[in-house]
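To keep things clear, I will list the structure first and then write my remarks on it.
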2 protein chains.
Amino acid sequence: MKKKLSHASEDYLKAIYTLSADGFSASTNNLAAHLNIAPASVTGMLQRLASLSPPLVNYRKRHGATLTDTGEKAALKVIRRHRLLETYLHKSLGFSWDEVHAEACELEHAVSDRFEARIDEVLGHPTHDPHGDPIPNLGLVMPQEADIRLSTLRPPQKAIIQRVDAEDGKLLRYLEEKSLLPGTKLEIRAFSPIDGNLTIAVDGKKMVLGSAVTCHIFIEEI
Amino acid sequence: MKKKLSHASEDYLKAIYTLSADGFSASTNNLAAHLNIAPASVTGMLQRLASLSPPLVNYRKRHGATLTDTGEKAALKVIRRHRLLETYLHKSLGFSWDEVHAEACELEHAVSDRFEARIDEVLGHPTHDPHGDPIPNLGLVMPQEADIRLSTLRPPQKAIIQRVDAEDGKLLRYLEEKSLLPGTKLEIRAFSPIDGNLTIAVDGKKMVLGSAVTCHIFIEEI
DNA sequence: GTCTTTATTTAGGTAAGGCTAAATTAGTTT
DNA sequence: AAACTAATTTAGCCTTACCTAAATAAAGAC
Ligand SMILES: [Mn+2]
Ligand SMILES: [Mn+2]
Ligand SMILES: [Mn+2]
Ligand SMILES: [Mn+2]
């Protein structure tokens, strides 16, 4: 019954899930941009995904796609594998947090359930990946994600970094160098309305971050 | 320059290498049987592999294929990844020796050089996979393989099992249960010409093995 | 030397997943 | 209402990799 999906299908499902979860519509163009594929190709794929039985997406011409229940389960399964793999690559194989994404995006389509179960076990059933993103459990329930951006805080608020939403290696390496990782506590010291810069203090050390940085960091206020 | 090969191409190269190394010709039909693909499809693929630049195989109509130097390097690279992965799955993730092949055959096309290098390091640069097959080193040199079959021995010869050439799960599980693994020492006690059965002793324990078993076990005489 | 068998190739098809260029739709402006 | 624009779909094409059926070649049998 459960024939396995192609690489491409899995990446589409993941993209639809992610765009929707982030409050964007999974429109043809958004998907095309997200997946680096021509819009016309996205149309073709959405039609295919909608015409499977059971369908994985609901697709209405010119209205983008939403996941069906089947599609959402499939998406969560891929996301779980992706995040477990990222965690495994980081914790057990010494990959840095800017290297894990690309590797996981390949492996997520290749590993078996057995492999997934084993690394989950070896890691002690981790709940978050190296970027702080929550890992859906075996039952494919996605935990709540932190959704307050650091860029929205003002002095003298305090917060803990929960997750970093970025695939850009430069940004990730920059943040690592500054120790701005999930779990880090910080205080807002100043806000510059003209450019959106925030001055923050981490462990007493002050630094100024532009909004191109702060809008990718999601926090929990304390 | 080095665009990466498709899954299918890599499996063909591996199959051509393996058939040749085992003394078979990499003919259309042999490849078809080995890869579980229709002969006509093999013809098509060999033509494609031969028309790449640089070509990966030498192909003469109706005379099967041989690997070019480029093709052989590519084949050895895949075999190295495959065997390292099998070893890693077995040693680090607790896969049994009859489970590793299928998983490795998927992963071998997905892992990066970085991943390969890391597991090689974690494993301490292993020289043999769980079935006793040699792992080509980083320079892609394939060590000599044991090529004497247990089935050719006669009393009172003694030998050490070097490798087991089988993908059949039943056979592998049978051998594991009998502790007939690479490294095991044994003595030939009797040979039955009528059916080819060998009576062997392992650690003083006697057992009778049919030639369907003994012809898959390669040994080193002692 | 013709016949038959076996191995292999050719021909013609399918399905997935891409692409570009052209057409269409739905909103916005004027 | 007509025109413009942005988003999306259609049409037509490509490559990879597989399949079946039919044609052909090479090798062995008679
Ligand atoms: Mn992916
Ligand atoms: Mn992540
Ligand atoms: Mn493979
Ligand atoms: Mn092996």
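In what follows, chains carry the letters A, B, and so on, assigned in the order in which the sequence lines appear, proteins first and then strands, with residues in each chain numbered from 1. All values derive from a computational prediction rather than experimental measurement.
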Original post:
Quick one: is D/dT10 close enough that its OP1 or OP2 comes under 4.0 Å of any side-chain N or O from A/Lys61?
Top reply: yes
**OP:** Could you tell me whether the phosphate oxygens of C/dT6, OP1 or OP2, come under 4.0 Å of any side-chain nitrogen or oxygen in B/Asn29?
**Re:** no
**OP:** Indicate, with yes or no, if the rings of B/His131 and B/His101 have centres closer together than 6.0 Å.
**Re:** no
Strictly under 3.5 Å: I want the nitrogen or oxygen pairs between protein and nucleotides 16-20 of chain C, one per line.
residue: C/dG17; atom: OP1; partner: A/Ser6; partner atom: OG; Å: 2.0
residue: C/dG17; atom: OP2; partner: A/Arg48; partner atom: NH1; Å: 3.2
residue: C/dC19; atom: OP2; partner: A/Ala38; partner atom: N; Å: 3.0
residue: C/dC19; atom: OP2; partner: A/Ser41; partner atom: OG; Å: 2.6

**OP:** Report yes if a side-chain nitrogen or oxygen of A/Thr28 is closer than 4.0 Å to either non-bridging phosphate oxygen (OP1 or OP2) of D/dT9; otherwise report no.
**Re:** yes
Subject >> Whole angstrom value for the distance that separates P of C/dA7 from CG of B/Leu46 >> reply: 16 Å
Original post:
Can a donor-acceptor pair be found between the side chains of B/His125 and B/Asp120 at a distance below 3.5 Å?
Top reply: yes
Subject >> Value in whole Å for how far the C1' atom of C/dA15 lies from CG of A/Leu49 >> reply: 14 Å
Original post:
Less than 6.0 Å separating the ring centroids of A/Trp97 and A/His90?
Top reply: no
**OP:** Quickly, which of A/Arg81, A/Lys14, A/Lys77 forms a salt bridge (Lys or Arg N to Asp or Glu O under 4.0 Å) with A/Glu108? Name it, please.
**Re:** A/Lys14
Original post:
Separation of B/Leu35 atom CG from D/dC19 atom C1', in whole Å?
Top reply: 15 Å
Original post:
Is B/Tyr59 near enough to C/dT9 that one of its side-chain N or O atoms lies under 4.0 angstrom from OP1 or OP2?
Top reply: yes
Subject >> For the student: nearest non-hydrogen atoms of A/Leu93 and B/Phe115, plus distance >> reply: CD1-CE1, 3.6 Å
Pairs under 3.5 Å (N/O, protein and nucleotides 22-26 of chain D):
residue: D/dA25; atom: O4'; partner: B/Arg62; partner atom: NH1; Å: 3.4

